Amino acid sequence: MITLLSDFGLRDAYVATMKGTIAQIAPRIPMCDITHLIPPQDILAARFNLRTACSHFPSGSVHLAVVDPGVGSSRRAIAFQTPQAFFVGPDNGIFDGILESDDILCAVTLTNSKYWRTAHPSNTFHGRDIFAPVSAHLANGVPIRELGDRIQPSTLTRLDLPPCIPNAHRPTSNSSTNSQLLCTGSLQYIDGFGNLISNIPQSWVPMSPPPSPWEIQIDTANGPQRFPGVSTYSDVPVGTLAALVGSHGWVEVACNSGSAQNALRSSDQTPAVMVGTTVSLRTASP
């Protein structure tokens, strides 16, 4: 299977053009859209959505991701292989989440024009002329090493999203202090519901029986704000904000039947949080 993710939207013919290019080369390979509604040039949003979706596809799938503000520049066109899948797209940080979580078996720059749509690709549409045909050839069984020059995985572009860092003095379950820091991370994505998704993984939430009270602090533009940890949205009244572990496995702050992002706006409607905002996980008083 080939998946597609882009910031092309649904208004124009760009997505269909890529799919048509793929179908000419690999007509029997099924295709699936992850999303084409990534905000224009938003590499961080693409990073999150690709990482969230790709593990749900069959082993050996080819994931084509094109959010490419540097198209036509000196940024590299790449493909790489993990134990589960292949990834094709620009080397601009869009694959940062995959590089963070998976082993890279092989990585190449796409220098072999034999596998492009044309030896003279458009300077504004590598998605059609390079990435789509390469994805189709990979899905047809062309070995990744034939697509271009091999490169070291360590040279692939990473993003500077602040990582999740555990507290060096993580408290024990017997601690009697009202609130103690467990780890510090950041917001990595704000979804269409206005949920504020951090990069704090579920594994850091104190869930050993009986569940320990916990809370999330977000350093908003209006000052630090804390939200109690709950199991699901309806554990708090409608319109109330709380923290929980989302289906993606990350701790998020959400508003029951509303948008946490909108609820935290300033009086002049200025956003109080954005991707990269500091988030911390803490124990809480029972």
Side-chain angles (χ1 to χ4, degrees), residues 1-26 29-57 61-82 85-100 102 104 107-113 115-140 142 144 147-148 151 156-159 189 192 275:
M1 177 174 286
I2 297 173
T3 75
L4 299 95
L5 176 148
S6 78
D7 58 352
F8 295 165
L10 302 176
R11 171 179 173 175
D12 305 307
Y14 304 129
V15 173
T17 301
M18 286 202 303
K19 288 184 174 181
T21 299
I22 291 170
Q24 287 182 339
I25 299 168
I29 299 295
M31 289 180 266
C32 179
D33 299 302
I34 294 178
T35 179
H36 297 291
L37 298 178
I38 297 296
Q41 295 90 50
D42 192 338
I43 296 171
L44 280 166
R47 168 197 179 275
F48 175 84
N49 282 280
L50 179 64
R51 180 178 184 174
T52 298
C54 68
S55 63
H56 296 280
F57 288 89
S61 293
V62 179
H63 301 290
L64 166 59
V66 189
V67 175
D68 196 13
V71 62
S73 71
S74 60
R75 70 93 185 92
R76 297 183 296 187
I78 60 168
F80 64 91
Q81 181 182 6
T82 70
F86 297 90
F87 296 84
V88 179
D91 182 26
N92 60 8
I94 194 171
F95 300 115
D96 178 71
I98 308 302
L99 301 176
E100 186 176 82
D102 292 356
I104 308 303
V108 299
T109 54
L110 304 179
T111 53
N112 189 349
S113 61
Y115 297 106
W116 301 355
R117 175 178 172 270
T118 170
H120 303 284
S122 163
N123 284 333
T124 64
F125 203 176
H126 286 185
R128 176 196 66 192
D129 293 345
I130 299 178
F131 301 135
V134 163
S135 298
H137 287 298
L138 272 174
N140 275 345
V142 172
I144 188 171
L147 302 176
I151 56 177
L156 298 177
T157 300
R158 304 297 301 271
L159 299 176
Y189 184 62
V275 171

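Since the model is a prediction, treat every value here as computed from it, not as a measurement.
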- Between CE on residue Met31 and CG on residue Leu4, distance to nearest 0.5 Å: 7.0 Å
- Task: Indicate yes or no: at least one non-hydrogen side-chain atom of Leu110 is less than 4.5 angstrom from one of Val88.
- Result: yes
- Task: Determine, stepwise, if the pair Val67 / Asp42 fulfils side-chain contact (heavy atoms from CB on, under 4.5 Å).
- Result: CA-CA 7 Å; Val67 175; Asp42 192 338; 5.6 Å; no
- Task: May I ask you to test the Arg128-Ser122 pair for a side-chain heavy-atom distance under 4.5 Å?
- Result: yes
- Message: Just verifying a value: how many Å separate Phe131 CZ and Arg117 CZ, rounded to the nearest 0.5 Å?
- Response: 14.5 Å
- Query: Which distance, rounded to the nearest 0.5 Å, do you find between the OG1 of Thr21 and the CG of Asp129?
  - Reply: 7.0 Å
- Message: I need the minimum non-hydrogen distance between Asn49 and Ile34, along with the two atoms involved.
- Response: O-CG2, 4.2 Å
- Query: Which distance, rounded to the nearest 0.5 Å, do you find between the CD1 of Ile38 and the CZ of Arg47?
  - Reply: 12.5 Å
- Message: Nearest 0.5 Å, please: how far is OH in Tyr14 from CZ in Phe8?
- Response: 9.0 Å
- What pairs of residues pass the salt bridge (Lys or Arg N to Asp or Glu O under 4.0 Å) test when at least one of them lies in residues 68-79, not counting sequence neighbours? Asp68-Arg75, Arg76-Asp91
- Query: Can you tell if the side chain of Leu5 reaches within under 4.5 Å of the side chain of Leu64, non-hydrogen atoms only?
  - Reply: no
- Message: Run the side-chain contact (heavy atoms from CB on, under 4.5 Å) test on Val15 and Ser6 for me, step by step, so that the C-alpha distance in whole Å, both residues' side-chain angles and the decisive distance to 0.1 Å come before the verdict.
- Response: CA-CA 8 Å; Val15 173; Ser6 78; 4.2 Å; yes
- Query: How close do Pro133 and Gly127 get, heavy atom to heavy atom, and via which atoms?
  - Reply: CD-O, 4.5 Å
- Query: Side chains of Ile151 and Leu156: closer than 4.5 Å at any heavy-atom pair?
  - Reply: yes
- Message: Arg51: which residues meet the salt bridge (Lys or Arg N to Asp or Glu O under 4.0 Å) condition with it, sequence neighbours left out?
- Response: Glu100
- Task: Might you point out which heavy atoms bring Ala136 and Ile2 nearest each other, and give the distance in Å?
- Result: CA-CD1, 3.9 Å
- Query: Nearest heavy-atom pair of Ile130 and Ala77: which atoms, and what distance?
  - Reply: CG2-CB, 4.5 Å
- Rounded distance (nearest 0.5 Å) linking atom CG of Asp7 with atom CD1 of Ile94: 8.0 Å
- Side chains of Leu147 and Val142: does their closest heavy-atom pair fall under 4.5 Å? yes
- Pairwise side-chain contact, Phe80 with Ile98, heavy-atom cut-off 4.5 Å (strictly under): yes
- Query: Would a 4.5 Å heavy-atom cut-off, applied to side chains only, mark Phe125 and Met18 as touching?
  - Reply: yes
- State, with a plain yes or no, whether a side-chain heavy atom of Asn92 is found less than 4.5 Å away from one of Pro69. yes
- Query: Is the backbone of Thr82 close enough, under 3.5 Å, to the side chain of Asp102 for a donor and an acceptor to pair up by distance?
  - Reply: no
- Sequence-distant partners of Asp33, salt bridge (Lys or Arg N to Asp or Glu O under 4.0 Å), two or more places apart: Lys19
- Query: Looking only at heavy atoms, which two atoms of Thr111 and Gly148 are closest? And how far apart?
  - Reply: OG1-CA, 3.2 Å
